[in-house]
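Next up is a structure, given as structure tokens.
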Amino acid sequence: MIISKAWKHKVQNSKKLLRQYRHLFEMSTPYQTSVIDGLHLLSDNPLEPAFLSLMQSYGKHNYPTKGPYCESYSIGCVTLLFGPRFPKVAPYKIKINPSEGGLSLQQVLGWATFASGNANNLHVRRVDFKVDLFNYNPVHCMNRIWASGFRTLDDRFKNQSLYLGGKRSSKTILIYDKATQQKIPKNIHFDWTRVEVREKYDKQNQLSLPVFLQNLKLISPFQNLVMIDADQAELDALLVKYKKSVIADSVVKTFKTLNTYQKNVLLKKLDGMNKLSHLTTHYDRQLQDWLIY
């Protein structure tokens, strides 16, 4: 039996536990295959005693100093938060990271059912969708990925990561060096860029987990994200009519100087030159790879 390295040693070393919950812990997909890097679920109903016992017996007990919950237990790629600090906060929140756990879609439903008794009792609050770009330099991607609709929102660097969108926005984009984050040794280091789209759903738009997963193929979180592959000379040639040129080798900074009409014209021309790489194509392919398991 193979399990993800994400599970804590206490789980990894318990043969009895792994036999009992094999369907939950065993890796059903290759590591980092899932297009979901974070699934935040809310419950207004009491959780199952067996799930609570597992988290308390094998998980790490945390006391968050910030956020809407007072306490949490984390066990590998599953985290339980409870003890809401505010009246309108759901009693329980469960976070699952299928990508880190090597979990299939069916295993995600399995964890939800194990935790709540009925997966329909859990509603989706936030999803971190992700695309992995191999052999793409992270800094290059930060300078070359354009996200339509984010022109007037914040873009900020933090710990060598680029965030697009305000902290309270319903949609945030994050671009960062996944190889460095995974602490891959420098002698075997390779370019691995992670692009995440973090979608938050307000109460009116929250779906039960089964309904959300049934509609997963209909969701296009990366629809308006493109990688601009044109070199500086090609871009300068297109920009000359607007009396502009590429700023500091950054497409993002350059595009921010254009009005909406100019950006749309430029993107259409680049697409006709086959100089746009649509991230939704990468996402769709990686989604299909995950769903076959």
Among all residues two or more places apart in sequence or in another chain, which pass the side chain to side chain donor-acceptor pair (under 3.5 Å) test with Gln181?
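Expected list: Lys178.
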Is there a side-chain contact between Thr281 and Asp284, using heavy atoms and a 4.5 Å cut-off?
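No. Closest side-chain heavy atoms not under 4.5 Å.
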Basic-acidic side-chain contact under 4.0 Å: Asp132, Lys130:
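Between Lys130 and Asp132 there is a salt bridge, with a charged N closer than 4.0 Å to a carboxylate O.
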Going through the checks in order, is the side-chain contact (heavy atoms from CB on, under 4.5 Å) test met by Leu18 and Met1?
CA-CA 9 Å; Leu18 295 178; Met1 177 180 179; 4.0 Å; yes
Are side-chain N/O atoms of His282 and Ser277 paired as donor and acceptor at under 3.5 Å?
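Yes, a side-chain donor-acceptor pair sits under 3.5 Å.
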If the threshold is 4.0 Å, N to carboxylate O, is there a salt bridge linking Arg144 and Asp249?
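Between Asp249 and Arg144 there is a salt bridge, with a charged N closer than 4.0 Å to a carboxylate O.
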Starting from the C-alpha separation in whole Å, work towards a yes-or-no answer on salt bridge (Lys or Arg N to Asp or Glu O under 4.0 Å) for Lys275 and Asp229.
CA-CA 5 Å; Lys275 294 296 182 177; Asp229 296 323; over 6 Å; no
Min side-chain heavy-atom separation Asn97-Asp37 under 4.5 Å
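They are in side-chain contact.
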So, do Leu239 and Leu258 sit near enough that their side-chain heavy atoms are less than 4.5 Å apart?
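Touching, per the 4.5 Å side-chain cut-off.
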Test of understanding: clusters of I, L, V, M, F, W, Y form through side-chain heavy atoms closer than 4.5 Å, transitively. Do Leu103 and Phe212 belong to the same one?
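Cluster IDs for Leu103 and Phe212 match.
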Separation of Ile173 CD1 from Lys171 NZ (nearest 0.5 Å)
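Here the rounded value is 6.0 Å.
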Tell me yes or no: between the side chains of Ser99 and Gln32, is some donor less than 3.5 Å from an acceptor?
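Yes.
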Using side chain to side chain donor-acceptor pair (under 3.5 Å), reason through Tyr21 and His23 one step at a time and then give a plain yes or no.
CA-CA 5 Å; Tyr21 296 115; His23 65 293; over 6 Å; no
Quick one: list whatever passes side-chain contact (heavy atoms from CB on, under 4.5 Å) with Asn135, sequence neighbours left out.
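For Asn135 there are no side-chain contact (heavy atoms from CB on, under 4.5 Å) partners, ignoring immediate neighbours.
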Using a 4.5 Å cut-off on heavy atoms from C-beta on, say whether the side chain of Ile36 contacts that of Leu105.
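They are not in contact (no side-chain heavy atoms under 4.5 Å apart), so the answer is no.
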Candidate list Asp128, Thr172, Val127, test side chain to side chain contact (heavy atoms under 4.5 Å, CB included), partner Glu196, passing option
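For Glu196, the side chain to side chain contact (heavy atoms under 4.5 Å, CB included) check succeeds only for Asp128.
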Interatomic distance, Ile228 atom CD1 to Asn143 atom CG [nearest 0.5 angstrom]:
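Nearest 0.5 Å value for the CD1-CG distance: 11.0 Å.
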Which residue in the set Val251, Ile175, Thr193, Val195 passes side chain to side chain contact (heavy atoms under 4.5 Å, CB included) when paired with Met142?
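The option that passes is Ile175.
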Would you say Gln286 and Trp290 make side-chain contact, with heavy atoms under 4.5 Å?
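Not in contact.
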Check: Arg125 and Gln206 side chains under 4.5 Å, non-hydrogen atoms:
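Answer yes - side chains close enough.
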Say whether, by atom type as modelled, one donor and one acceptor occur between the side chain of Asp236 and the main chain of Val246 under 3.5 angstrom.
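Yes, because the side chain of Asp236 sits within donor-acceptor range (under 3.5 Å) of the backbone of Val246.
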Student check: side-chain heavy atoms of Gln288 and Lys217 closer than 4.5 Å:
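Yes, at least one pair of side-chain atoms sits under 4.5 Å.
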Side-chain contact, heavy-atom cut-off 4.5 Å: Ser72 with Pro64?
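Sidechains of Pro64 and Ser72: in contact.
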Donor-acceptor pair between Asn118 and Asn121 side chains, under 3.5 angstrom:
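Note: Asn118 and Asn121 side chains miss the donor-acceptor criterion.
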Would you please indicate yes or no on a ring centroid separation below 6.0 angstrom for Trp111 and Phe25?
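Phe25 vs Trp111: aromatic centres under 6.0 Å.
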Is the cationic atom of Lys10 (NZ for Lys, CZ for Arg) positioned less than 6.0 Å from the six-membered ring centroid of Tyr58 and within 45 degrees of its normal?
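Checked: cation-pi criterion met.
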Rounded to the nearest 0.5 Å, how far does CG of Leu42 lie from CG of Leu122?
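Nearest 0.5 Å value for the CG-CG distance: 8.5 Å.
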Main-chain N/O of Asn259 paired with Gln262 side-chain donor or acceptor, under 3.5 Å
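Checking the backbone N and O of Asn259 against the side chain of Gln262, a donor-acceptor pair under 3.5 Å is found.
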Would you call the rings of Phe114 and Phe51 parallel, tilted or perpendicular if under 30° counts as parallel and over 60° as perpendicular?
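Correct class here is perpendicular.
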For His9, enumerate each residue passing the ring pair (Phe, Tyr, Trp, His ring centres under 6.0 Å) test, keeping only those at least two apart in sequence or located in another chain.
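Expected list: none.
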What distance do Glu26 atom CD and Ser4 atom OG have between them, rounded to the nearest 0.5 Å?
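Glu26 CD to Ser4 OG: 12.5 Å, rounded to 0.5 Å.
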